[in-house]
Trainee: 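Below: one structure in structure tokens.
Computed over heavy atoms, backbone and side chain alike; hydrogens, waters and symmetry mates excluded. First the proteins, then the strands, lettered A, B, ... as listed; each starts at 1.
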There are 2 protein chains.
Amino acid sequence: MKKPVNPTLEDVARVANASTATISRAINTPDKVAPETRLRILNAIRELGYTPHSGGRALASNRSNTVGAIIPTMANAMFASGLQSFQEELAIAGVTLLVASTGYDGKHEFSQIQSLITHGADGLLLIGAARLPETREFLALRQIPYVVSWCYKPDPKILFAGFDNHKAAYGMTMEVLRQGHRKIAMIAGISEGNDRASNRIKGVKQAIRDFGSPAKLLKVMQTPYSQTKGGDAFANLMHKPTVPTAIICGNDVLAAGAIVRARQLGIAIPRDVSITGFDDIDIATTVYPTLTTVRVPQRRMGRSAARLLLELLTTDNKPASIEFETEIIFRESLAPPPS
Amino acid sequence: MKKPVNPTLEDVARVANASTATISRAINTPDKVAPETRLRILNAIRELGYTPHSGGRALASNRSNTVGAIIPTMANAMFASGLQSFQEELAIAGVTLLVASTGYDGKHEFSQIQSLITHGADGLLLIGAARLPETREFLALRQIPYVVSWCYKPDPKILFAGFDNHKAAYGMTMEVLRQGHRKIAMIAGISEGNDRASNRIKGVKQAIRDFGSPAKLLKVMQTPYSQTKGGDAFANLMHKPTVPTAIICGNDVLAAGAIVRARQLGIAIPRDVSITGFDDIDIATTVYPTLTTVRVPQRRMGRSAARLLLELLTTDNKPASIEFETEIIFRESLAPPPS
DNA sequence: CTGAAAGCGCTTACAG
DNA sequence: CTGAAAGCGCTTACAG
């Protein structure tokens, strides 16, 4: 017998000598099928290498058991372990994860959201609260269930599993001030279309304002998240007439880039200038001196996001947002300024 | 008028006052539709937030314009930029990428392959040549077009866009020997089910054998790809009675872990022991001392893989595999042994 | 426990 | 340039 290359339920039915309805039940609700029938069917499925066609399935059942995650980038570990936990939690519920990335571009985000919905995602994980108006409209119009992670706001209309970037950056800045720094600079991510980046900037500014004179924010440089760019921004800051004694970085990648560049320039960290990061990814301990940074509870956040989304998808509950606390991890790159 | 939450072609047809056939044409072959009709339809689509249902589309057209990539892990940058290039190249052709990860587990790989095929992937990008027998059978039975990357073999039955791991590891080992090292150890990845890891081990062994006495491979430790594990393996090697003068690592993550641990243990790199890596990801220059490593042409590989897969999918050509060369990048972590 | 049949949202010859 | 209609692969009341 010739095996069909793309076997369908009908092919399985023929081989297993049963109706397509029974095959479907054997796959989806096995205990509604007699054990011997089930066995026969399972053998036929294996023999043919049958996999259900998700299109037909989605069409007929009006659900896909699939959710989508749209993250800014896969290029560094910022989202990797959170996404991993998200996926693991979904897998327990038998839900498949589809992943797409945006390159920090709102238009890309919109088209990736549409693409994932088109591919049958029942719900979405989105990063951050900043979103194009057309994207918001689309999400609202289509009443797409989604949870927003990596940030938190007390906004009852949106379901968050995240943390307060403003508060976290504020806290780190206060610590830098407490250690005696007064001339401070920041190397931040690009704030446009990125509320995490902009709230971290606002948090730093607010802390320095609240602390009052003589604390001063010399400069905030915005640059894409790459080590090289972080290094460039660092070199730039250190060439100005007034040099900071501490530089607060928008994330660990920028901070690591600054530290590497400092070494190349013969600038000692933290003796000549202190550096802090944000995220606490692996790179924070790879770099030398090791990085004082803000730890983000990625794994717990990812897991919670999955649970909230599943609850949204499978129950009528209206689950509440979850705010996670961040924590300052003290390592070598931050020390009091030379007196 | 009440807007449907999940608008269908029929809804668009009603609003735009046209048949579903015309709507479909306006979307897929716009120039077969009168300009004014097209405009009316586009407005209706926007108004309703319509996105085509990929299930219905795949069912009716028997293609999905989607390919899947299955990578071992998203947890570090080993595959990130290659995948990025792969995606960019696909995007040019209007093809969507679905990504899944396996955690270096053959069974997971099989189920993720099935899942992506189920979700309509027309073709696949796979990493490495090691694969479970059932996975091979499935790929063959279903005649699934795929390209294998991150490795290369002169096997005409499989389409590769990769490099020769054995040769690359052999080359690095020869360089280490050339610089005068004779007592060598290796910290490798887990070779089971991972041909890249095992071929790198074989390459190192072969080089040392070819070089002949007094060169000796003291020990090969296999460990999962994490900095901590790399550090543990390093500590272990340095506590043995016979200490190596050079440690060749299976990838940069392991090597970085070794270097970080060396610092903690007060062991000087490269004075006390040299370290080499594999991949040349960002971490190779973040770590201090910076890492001498094998550069893998990730971006070109990803782009080629996409082109080969598209060729497979859209033409009747039988494209040929592409072998990329790797290159040793000299940095600080490798130096001649103390004489 | 099993089967016949309707219908999910699309595309595409076919006809005009 | 446009429309009516068949059919893609599934699931699921309904009937037995």
Trainee: Rounded to whole Å, please give me the gap between CD1 in A:I45 and C1' in D:dC10.
Mentor: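 Taking atom C1' of D:dC10 as the reference, CD1 of A:I45 is at 13 Å.
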Trainee: Output yes when B:K157 and B:D155 qualify as a salt bridge under the 4.0 Å nitrogen-oxygen rule, no when they do not.
Mentor: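 Answer for the salt bridge query: yes.
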Trainee: With respect to the phosphate group of C:dT11, does any side-chain polar atom (N or O) of B:R57 fall under 4.0 Å of OP1 or OP2?
Mentor: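 Result: yes.
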Trainee: Can you find a heavy atom in the side chain of A:F86 that is under 4.5 Å from one in the side chain of A:R303?
Mentor: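 Of all side-chain heavy-atom pairs linking A:R303 with A:F86, none is under 4.5 Å.
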Trainee: What is the distance from CG of A:L9 to P of D:dC10, rounded to the nearest Å?
Mentor: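 So the two atoms are 4 Å apart, to the nearest Å.
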Trainee: Scan residues 21-33 of chain B against DNA chain D and write down, sorted by residue number, each residue with any heavy atom closer than 4.0 Å; if none is found, say none.
Mentor: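 The answer is B:A21, B:T22, B:R25, B:D31, B:K32, B:V33.
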Trainee: Where does DNA chain C form stems of at least three consecutive Watson-Crick or G-U wobble pairs, each pair having both distances below 3.5 Å?
Mentor: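 Stems for DNA chain C, defined as runs of 3 or more consecutive pairs: C:1-3 with D:14-16, C:5-12 with D:5-12, C:14-16 with D:1-3.
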Trainee: Centroid separation under 6.0 Å, is that true for the rings of B:F110 and B:F138?
Mentor: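 So the answer is yes for these two rings.
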Trainee: For a quick check of understanding: with a heavy-atom distance under 4.0 Å over all strands, which category does B:T37 fall into, base, sugar-phosphate or nothing?
Mentor: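 Sugar-phosphate, backbone atoms only, no base.
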Trainee: Side-chain donor-acceptor pair under 3.5 Å between A:R57 and A:N28, yes or no?
Mentor: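 Short answer, yes.
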Trainee: Heavy atoms only, 4.0 Å cut-off, all strands: where does B:R63 land among base, sugar-phosphate and nothing?
Mentor: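 Since only primed, P, OP1 and OP2 atoms lie under 4.0 Å of B:R63, the category is sugar-phosphate.
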Trainee: When the C1' atoms of D:dT12 and D:dG16 are considered, how many whole Å apart are they?
Mentor: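 Going atom to atom, C1' in each nucleotide, I get 16 Å.
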Trainee: I need the CG-P distance between A:N6 and D:dG9, as an integer number of Å.
Mentor: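 Going from CG in A:N6 over to P in D:dG9 covers 8 Å.
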Trainee: Could you tell me if B:T20 and B:E10 have a donor-acceptor pair between their side chains, going purely by distance under 3.5 Å?
Mentor: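 Side chains of B:E10 and B:T20: no pair found under 3.5 Å.
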Trainee: Under the side chain to side chain donor-acceptor pair (under 3.5 Å) test against A:E89, which residue among A:R307, A:R299, A:Q84 passes?
Mentor: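 When side chain to side chain donor-acceptor pair (under 3.5 Å) is applied between A:E89 and each of A:R307, A:R299, A:Q84, only A:R307 qualifies.
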